[in-house]
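To start, the structure under review is shown below, and the notes come after it.
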Number of protein chains: 2
Amino acid sequence: MKSEKISEAVVRRLPVYLRYLNELQKREVSTVSSQELGQKLDLNPAQIRKDLAYFGDFGRKGIGYDVSYLIEKIRQILKLDQKINVALVGAGNLGHALSNYNAFLKDNMKIVAIFDSYSPKVGMKINNLVVQPMEELEKTVHEHGIRIGIITVPDFEAQNVANQLIASGIEAILNFAPTILKAPAHIRIHTADFTTDLQSLAYYLDNGKEDAAHDNNEVDG
Amino acid sequence: MKSEKISEAVVRRLPVYLRYLNELQKREVSTVSSQELGQKLDLNPAQIRKDLAYFGDFGRKGIGYDVSYLIEKIRQILKLDQKINVALVGAGNLGHALSNYNAFLKDNMKIVAIFDSYSPKVGMKINNLVVQPMEELEKTVHEHGIRIGIITVPDFEAQNVANQLIASGIEAILNFAPTILKAPAHIRIHTADFTTDLQSLAYYLDNGKEDAAHDNNEVDG
DNA sequence: TAGATTGTTAATCGATTAACAATC
DNA sequence: TAGATTGTTAATCGATTAACAATC
């Protein structure tokens, strides 16, 4: 165990380890080596050992890592051993889709409130949650001890919503709007922008095929 | 202009530049400096200049970058100056949400077909596209010259769908399923996994507040 | 004991940033 | 000309990987 500061790259790999470990546990595999993890996750085994060693001596020399023990430890590191409540702002298609992923996030991380500023949406029921008006944000954040906000509003509203989330006491934001949010340094913001993902993918297309693009004849209204 | 190989980090920043440049163009701003770009996008100006210089001498010393010209150049680099057709596999909530973003992607990148293996979904109309069965994948990919696939199926189906996309001739994949896909080296895969995003966010929560988590009293069925 | 595998140090690789001559 | 800003080289910083002693 060392006490250097942990880079974001390391932190982002932990959930990936966790996911595969959970799969191993389901298959009743009790031990795994950095070698095998690396092969499955397309990572260098030394990197995996180093990542884990930042947080403790979780493995056994000559043996590998105990799957259940490592799951427990990574869950602790990521704070997934405590209940973390999440608010979602933006009850559009994407917000609707994400609210379904509650199941995925297991018991501990949970979307407990959905907000929208567009009045016809307020009062709608989405996955057992009633869409609330923005006016109730602060009250609800305090009542439920909500610590993370997810933004799924259009880009031009995103900064405004972020400001409101921050003012209400939220600590971290996952932003799906295609815009760079400004926030105080103590607020953690991750951007999940698939237009950027998709556009950067285009760069890697093989240009020998550019004239292979056909007209598109999709069904049209 | 140099001919080193371009790192993925550089390529991923280009769409971010493009997005802000489009905003500037809408506001009829004709020129911008790396300094101003850096400030707006939270990036180092030297990095922006270096990124752009990989592809050409787009700026003018003492002046900055011509907004319209730079937009044109970045669009060329990212191949967004040609029509790129996209197929979406998985007509669930998330697939539905993404198909709406066609508007966002402007004219050149477009979802032109949606597939699902679950028969009750086949034939449904989503944004003017009829959901097709997986059996029609290869035929449709060729007919429309589809080059990119988006995967929005459950994790346990993702690898299988990826294999089919690759077999049908697709060149790149944007994967929303929380799993690491295996593919030949010439296929480019980007993963957009928000469960990972969300879990890594939890790491950054301030632990002084852990006992502030309340019971959650969401509306329940 | 022999084989396997960790944790960790040192080496390498790559990406970011600073600095500045060139020049608009 | 003086001020601004690029393109690029060199310096710095940080992350990944290799190597290996420790040890199960």
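As a basis for the values below, the full set of heavy atoms in this structure was taken, side chains included, without hydrogen atoms, waters or symmetry mates. Order of the sequence lines sets the chain letters (A, B, ...), proteins ahead of strands, with each chain counted from 1.
Taking a cutoff of 4.0 Å between a charged side-chain nitrogen and a carboxylate oxygen, B/D155 and A/R19 do not qualify as a salt bridge.
Going from atom CG of B/L43 over to atom P of C/dT16 covers 9 Å, rounded to whole Å. Put simply, CG on B/N44 is 18 Å from P on D/dA11, counting in whole angstrom units. When the P atom of C/dT8 is taken as reference, atom CG of A/D51 falls 13 Å away, rounded to whole Å. For the pair A/D66 CG and C/dT6 C1', the interatomic distance rounds to 14 Å; values are reported in whole Å. Put simply, CG on B/L37 is 15 Å from C1' on D/dA4, counting in whole angstrom units. Rounded to whole Å, atom P of C/dT8 lies 12 Å from atom CG of A/L52. Here C/dG14 presents its P atom at 14 Å from CD of A/Q47, a figure rounded to the nearest Å. A/Q35 has its CD atom 12 Å from the P atom of D/dA18, to the nearest Å.
Here C/dT6 is the nucleotide among D/dT6, C/dT6, D/dA15 with the atom lying nearest to any side-chain atom of A/Y65. Counting only heavy atoms from C-beta on, A/K50 has its side chain closest to C/dT9 among C/dT17, C/dT9, D/dA18. Nearest to the side-chain atoms of A/D57 among the listed nucleotides D/dT16, D/dG7, C/dG7 stands C/dG7.
Taking side-chain N and O atoms only, A/R49 has no distance below 4.0 Å to OP1 or OP2 of D/dA19. Dashed line: the shortest gap from a side-chain N or O of A/Y54 to OP1 or OP2 of D/dA15 is not under 4.0 Å. Within the 4.0 Å cut-off from OP1 or OP2 of D/dT16, at least one side-chain nitrogen or oxygen of A/R13 is found. Look at B/S34 and you'll find a side-chain N or O under 4.0 angstrom from OP1 or OP2 of D/dT6.
The number of heavy-atom neighbours closer than 6.0 Å to CD of A/E36, taken from other residues, nucleotides and ligands shown, is above 12.
Of the residues listed (A/L52, A/V32, A/N22), the one engaging A/Y17 in a side chain to side chain contact (heavy atoms under 4.5 Å, CB included) is A/L52, and it is the only one. Of the listed residues (B/T196, B/D197, B/D193), just one forms a side chain to side chain donor-acceptor pair (under 3.5 Å) with A/R12, and that residue is B/D197.
Across all strands shown, C/dT5 forms a Watson-Crick or G-U wobble pair, both distances under 3.5 Å, with D/dA22.
Proximity of A/V89 to A/T152: side-chain heavy atoms (C-beta onward) are nowhere separated by under 4.5 Å. Using a 4.5 Å cut-off on side-chain heavy atoms (C-beta onward), A/L205 and B/Q82 make no contact.
A/Q159 and A/N163 form a side-chain donor-acceptor contact under 3.5 Å, judged by distance and modelled atom types alone.
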Which atoms of nucleotides 21-24 of chain D (N or O only) lie under 3.5 Å from a protein N or O atom, and what are those distances?
from	atom 1	to	atom 2	distance (Å)
D/dC24	O4'	A/K61	O	3.0
D/dC24	O3'	A/R60	NH1	3.1

